[in-house]
Amino acid sequence: VRKELRGLPPELWYSEEHKLMIKIRLTNVRRNDDATTRAVIAALEAPREEWKQIQTEGRTEEQGPLAGLMVFHCALWRAFGTKEFVNAMPFQRDLQSWKTETWTRVVDAAVDCWRQGHYCFTDAYNPCRARRRVERWARNDPRGEEVVRDLYEQVCGHHLYNIWKYRINVAKMAEKTRSWQA
């Protein structure tokens, strides 16, 4: 137990005065069983079924591009990190490039999600946590939508570019080594 909790009875851990459980960010959820991971697994169900069909039919030339799309979508969803964003931006099988025209629909989906009162960025890990603070702050700013749109564009335009560029190489390495850690 963290030192902050030792001297305080459990009923006060969540009190307005102490707010310890919010401040120290303890978790008892395994990463593979959190809400966002469950949403990602659900969103990948159709491409996984397509992958199996491609394998069964021996159309191996289609496996690389599909695996690359799966890798990219996992990175996209984790770059934001909430189940609400995953649900707002489902798997895009027709994604052929990562340029302004392409990622504009991702930004639009994120803005729509934010407009509905959801956050697109998780507060579970950085750098998303800092971006989540911007989303929260933007709710009270008259230019809030413009602020979050710029933030989402920055993530799509800069941070995801190299993932897109190397997605097939990452997928090949993962398949070759049978590990995502390679």
Side-chain angles (χ1 to χ4, degrees), residues 21-22 25-54 62 65-141 143-168 170-171 174 180:
M21 294 305 279
I22 294 169
R25 313 192 59 72
L26 293 176
T27 181
N28 63 354
V29 178
R30 294 180 192 198
R31 173 61 55 208
N32 62 353
D33 193 35
D34 69 1
T36 303
T37 300
R38 287 192 302 271
V40 167
I41 289 168
L44 286 173
E45 187 59 37
R48 287 175 55 214
E49 289 303 315
E50 183 180 352
W51 174 270
K52 290 176 190 173
Q53 186 68 30
I54 287 170
E62 295 176 43
L66 180 57
L69 278 176
M70 292 167 73
V71 164
F72 179 76
H73 277 83
C74 287
L76 169 66
W77 293 324
R78 283 297 177 191
F80 287 86
T82 63
K83 66 180 189 242
E84 291 81 10
F85 176 77
V86 174
N87 294 330
M89 189 64 222
F91 189 83
Q92 305 292 304
R93 181 64 174 100
D94 62 339
L95 200 58
Q96 300 295 318
S97 64
W98 193 249
K99 51 189 174 187
T100 306
E101 303 80 41
T102 313
W103 51 257
T104 297
R105 65 181 159 176
V106 174
V107 171
D108 290 343
V111 170
D112 287 344
C113 186
W114 181 82
R115 268 194 221 123
Q116 294 170 22
H118 302 293
Y119 294 108
C120 296
F121 292 113
T122 184
D123 63 353
Y125 48 83
N126 280 322
C128 293
R129 186 177 298 137
R131 294 176 182 143
R132 169 83 167 246
R133 285 192 290 268
V134 173
E135 284 182 306
R136 189 177 306 121
W137 170 83
R139 293 216 184 278
N140 300 318
D141 186 307
R143 293 181 28 247
E145 186 172 320
E146 181 184 336
V147 169
V148 295
R149 180 173 293 280
D150 288 347
L151 180 63
Y152 302 150
E153 286 176 354
Q154 181 183 24
V155 170
C156 289
H158 302 289
H159 302 288
L160 290 167
Y161 174 76
N162 281 331
I163 303 278
W164 176 262
K165 185 176 175 182
Y166 295 108
R167 70 197 182 285
I168 294 176
V170 170
W180 59 268

Does D150 form a salt bridge (Lys or Arg N to Asp or Glu O under 4.0 Å) with R131? I'd like the steps, not just the answer.
CA-CA 11 Å; D150 288 347; R131 294 176 182 143; over 6 Å; no

For R143, is there any backbone N or O sitting under 3.5 Å from a side-chain donor or acceptor partner on D141?
yes

Taking every heavy atom of V148 against every heavy atom of E135, the minimum-distance pair comes out as CG1-CA, 4.0 Å

Apply the test side chain to side chain contact (heavy atoms under 4.5 Å, CB included) to residues Q96 and T102: give CA-CA distance (whole Å), side-chain angles for both, the deciding distance (0.1 Å), then the verdict.
CA-CA 8 Å; Q96 300 295 318; T102 313; over 6 Å; no

Are E146 and R149 close enough for a salt bridge, meaning some N to O gap below 4.0 Å?
no

So, for I163 and A75, which heavy atoms are closest and what is the spacing to 0.1 Å?
CG2-CB, 3.4 Å

Please tell me if the side chains of R133 and R129 come closer than 4.5 Å, counting only heavy atoms from C-beta onward.
yes

Mark yes or no for whether W98, through its side chain, and G157, through its backbone, hold a donor-acceptor pair below 3.5 Å.
no

The test is side chain to side chain contact (heavy atoms under 4.5 Å, CB included); show your working for E84 and Y119 and say whether it passes.
CA-CA 7 Å; E84 291 81 10; Y119 294 108; over 6 Å; no

List the atom of I168, the atom of P65, and the distance in Å for their closest heavy-atom pair.
CD1-CA, 4.3 Å

Quick check: closest heavy atoms across V71 and A171, and the distance to 0.1 Å?
CG2-CB, 3.8 Å

When you compare the side chain of F121 with that of L151, does any pair of heavy atoms fall below 4.5 Å?
yes

Does NZ or CZ of R78 lie under 6.0 Å from the centre of the six-membered ring of F85, at an angle within 45° of the ring axis?
no

I want to check something: taking the side chain as every heavy atom from C-beta on, are C113 and R115 in contact at a cut-off of under 4.5 Å?
no

Show the nearest heavy-atom pair for residues A109 and M89, with the distance to one decimal.
CB-SD, 3.8 Å

I'd like to know whether V40 forms a side chain to side chain contact (heavy atoms under 4.5 Å, CB included) with H73, so could you lay out the CA-CA distance, the side-chain angles of the two residues, the decisive distance to 0.1 Å, and finally the verdict.
CA-CA 9 Å; V40 167; H73 277 83; over 6 Å; no

Side chains of V155 and F80 in contact at under 4.5 Å (non-hydrogen atoms)
yes

Could you tell me which non-hydrogen atom of A79 sits nearest to which non-hydrogen atom of L160, and how far apart they are?
CB-CD2, 4.0 Å

With heavy-atom distances below 4.5 Å as the criterion, would you say the side chains of P47 and L69 are in contact?
no

R48 NZ/CZ over W51 ring centroid, <6.0 Å and within 45° of normal
no

Sub-6.0 Å ring centroid separation between W114 and Y152
no

Test side chain to side chain contact (heavy atoms under 4.5 Å, CB included) on H118 and N87 and set out the steps.
CA-CA 11 Å; H118 302 293; N87 294 330; over 6 Å; no

Hey, does K83 have a side-chain heavy atom less than 4.5 Å from the side chain of R38?
no

For a 4.5 angstrom cut-off between non-hydrogen side-chain atoms, does L44 reach C74?
yes

A side-chain contact here means heavy atoms from C-beta on lying under 4.5 Å apart; do W77 and F91 qualify?
yes

Would you check if there is a donor-acceptor pair between the side chains of T82 and T122 at a distance under 3.5 Å?
no

Hey, does the side chain of Q92 reach the backbone of P90 with a donor-acceptor pair shorter than 3.5 angstrom?
yes

Considering residues at least two apart in sequence or located in another chain, which fulfil the side chain to side chain donor-acceptor pair (under 3.5 Å) criterion with T100?
none

